[in-house]
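Working notes, beginning with the structure itself.
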Amino acid sequence: MQYAIFDLDNTILDFDRAETASLTAVFQNHGVPNIPQAEDDYQAYNETIWRQIEQGGPRDTLLDQRFEVFLATLGITVDGPSVQQEYDQLLAHSYQVIPGARDLLHTLKDAGMTLLVGTNGIKHTQLSRLAGAHMTPYFDHIFISESVGYAKPNPHFFQAIHAQYPEMTTTNTVMVGDSLRSDIAGAANVQLPSVWYNPQHLSNESAIKPTYTVDNFTQLQKLLLTV
């Protein structure tokens, strides 16, 4: 492959660890009882928020309201946009990298591949996390849904990447990510091959079928350098 588009969260950066630390701090700051249970409940609620965003819902409004709406279910009144900003600042300074990701990118870069980021998220947060983790230099371009104006799996997200790299084709480019719903489905929407990074060995009961599946970076490196 000549081009690899990488998702960030839980593909390169350890979003789960970063999110847990940031949520814990926010919930402590606002007097949330039984924080472990609240975090589980929030995860389920937040999943519905991102589904709406991926389907074209009003991104900024949904994110600005999510903490206000969720905390209201616990009897806690907050200003949604200010708590969202508090959370974003915490997350932006969370620099955890998935072990092995740095070596993978270094090897692919040395092999002459063009490496791109294709991520849903907030521009400032994602750029800060990449820079803080010292991962920015590995990537030739960073595409973030807030800047692009569309979120994966919308075809317009991938069309924005192709506009910057018109020499991309369905035979020299691959999308790599952990999410069937955004990464793999998004690639399928524009006929790009995809690699589902699935270290947890999750079962796929959906109609979304990746071109390849790997559960570790050794497999991923070998695949990208040989296909």
Side-chain angles (χ1 to χ4, degrees), residues 1-26 46 50 53-54 59-60 63 84-154 156-158 160-165 168 173-179 181-184 186-187 192 194-199 214 216-217 220-221 224:
M1 284 293 172
Q2 184 178 351
Y3 299 93
I5 306 168
F6 280 90
D7 174 53
L8 276 188
D9 292 327
N10 291 333
T11 302
I12 298 297
L13 300 180
D14 192 337
F15 181 77
D16 287 346
R17 286 173 58 200
E19 182 184 43
T20 297
S22 301
L23 277 179
T24 298
V26 167
N46 192 47
W50 279 103
I53 292 171
E54 290 164 3
R59 178 188 166 282
D60 291 345
L63 293 180
Q84 176 64 32
Q85 185 176 27
E86 175 188 353
Y87 172 76
D88 286 343
Q89 287 299 316
L90 288 163
L91 193 62
H93 293 89
S94 299
Y95 308 133
Q96 297 93 333
V97 178
I98 295 177
R102 198 180 309 275
D103 289 341
L104 168 70
L105 297 177
H106 184 81
T107 300
L108 297 178
K109 194 78 171 174
D110 279 354
M113 289 188 66
T114 298
L115 307 181
L116 310 173
V117 168
T119 180
N120 289 348
I122 297 165
K123 179 180 178 181
H124 165 75
T125 301
Q126 300 296 61
L127 291 179
S128 174
R129 293 171 66 219
L130 272 175
H134 307 291
M135 301 295 277
T136 308
Y138 291 110
F139 295 102
D140 294 87
H141 204 112
I142 299 168
F143 295 90
I144 303 172
S145 59
E146 182 181 22
S147 300
V148 172
Y150 298 93
K152 297 174 294 182
N154 193 304
H156 290 295
F157 180 90
F158 293 89
I161 299 176
H162 188 263
Q164 291 286 325
Y165 292 89
M168 283 182 167
T173 306
V174 66
M175 175 73 212
V176 182
D178 69 298
S179 171
R181 196 178 69 234
S182 62
D183 303 318
I184 307 308
L192 280 181
S194 61
V195 182
W196 184 29
Y197 175 60
N198 182 27
V214 300
N216 62 67
F217 287 144
L220 178 57
Q221 177 179 303
L224 294 179

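The shown structure was predicted, so the numbers you read here are calculated from the model rather than taken from an experiment.
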Where is the tightest heavy-atom contact between [X] and [Y], given as atom of each residue plus distance?
X: Glu19; Y: Asn46; value: OE2-ND2, 3.9 Å
X: His124; Y: Ala92; value: NE2-CB, 4.0 Å
X: Val174; Y: Leu224; value: CG1-CD2, 3.5 Å
X: Ser194; Y: Ala187; value: CB-CB, 3.9 Å

Interatomic spacing from [atom1] in [X] to [atom2] in [Y] - rounded to 0.5 Å:
X: Thr125; Y: Ile144; atom1: OG1; atom2: CD1; result: 9.0 Å
X: Trp50; Y: Arg59; atom1: CH2; atom2: CZ; result: 5.5 Å
X: Phe139; Y: Ile12; atom1: CZ; atom2: CD1; result: 5.0 Å
X: Ile122; Y: Leu127; atom1: CD1; atom2: CG; result: 11.5 Å
X: Met135; Y: Phe6; atom1: CE; atom2: CZ; result: 9.5 Å
X: Thr173; Y: Ile5; atom1: OG1; atom2: CD1; result: 6.0 Å

Q: Can you sort out the partners of Gln221 under side chain to side chain donor-acceptor pair (under 3.5 Å), two or more places apart, ordered by chain and number?
A: none
**Q.** side chain to side chain donor-acceptor pair (under 3.5 Å) partners for Gln84, two or more places apart
**A.** Arg66, Asp88
Q | Of all pairs that satisfy side chain to side chain donor-acceptor pair (under 3.5 Å), the ones with a partner from residues 126-136, not counting sequence neighbours | A | Asp9-Gln126, Asp9-Arg129, Thr119-Gln126, Gln126-Arg129
Please enumerate all residues that pass ring-ring contact (aromatic ring centres under 6.0 Å, His included) together with [X], with sequence neighbours excluded.
X: His156; result: Tyr150
X: His141; result: Phe143
X: Phe158; result: none

Q.
For a side-chain contact (heavy atoms from CB on, under 4.5 Å) check, start with the C-alpha distance between Phe217 and Ile98, then their side-chain angles and the critical distance, and finish with the verdict.
A. CA-CA 10 Å; Phe217 287 144; Ile98 295 177; 3.7 Å; yes
Which residues share a side chain to side chain contact (heavy atoms under 4.5 Å, CB included) with [X], sequence neighbours left out:
X: Ser22; value: Tyr87, Leu90, Leu91, Ser94
X: Asp178; value: Asp7, Asn10, Thr11, Asp183
X: Asn216; value: Thr218, Gln219

Q. Are there more than 12 heavy atoms of other residues, nucleotides or ligands under 6.0 Å from atom CD of Gln164?
A. yes
Q. Checking Glu146 side chain against Lys123 main chain: does a donor-acceptor pair fall under 3.5 Å?
A. yes
Please list every donor-acceptor pair under 3.5 Å in which a side-chain atom of residues 104-117 meets a protein atom from a residue at least two apart or in another chain.
unit_1, atom_1, unit_2, atom_2, d
His106, NE2, Asp110, OD2, 3.2
Thr107, OG1, Asp103, O, 3.0
Lys109, NZ, Tyr138, O, 3.3
Lys109, NZ, Asp140, OD1, 2.8
Lys109, NZ, Asp140, OD2, 3.3

Q: State which residues pass salt bridge (charged side-chain N to carboxylate O under 4.0 Å, His left out) with Arg102; sequence neighbours excluded, sorted by chain then number.
A: none
Q) Which residues pass the salt bridge (charged side-chain N to carboxylate O under 4.0 Å, His left out) test with Glu54, sequence neighbours left out? A) Arg181
Q) Could you walk me through whether Ile53 and Leu63 pass the side-chain contact (heavy atoms from CB on, under 4.5 Å) check? A) CA-CA 9 Å; Ile53 292 171; Leu63 293 180; 3.9 Å; yes
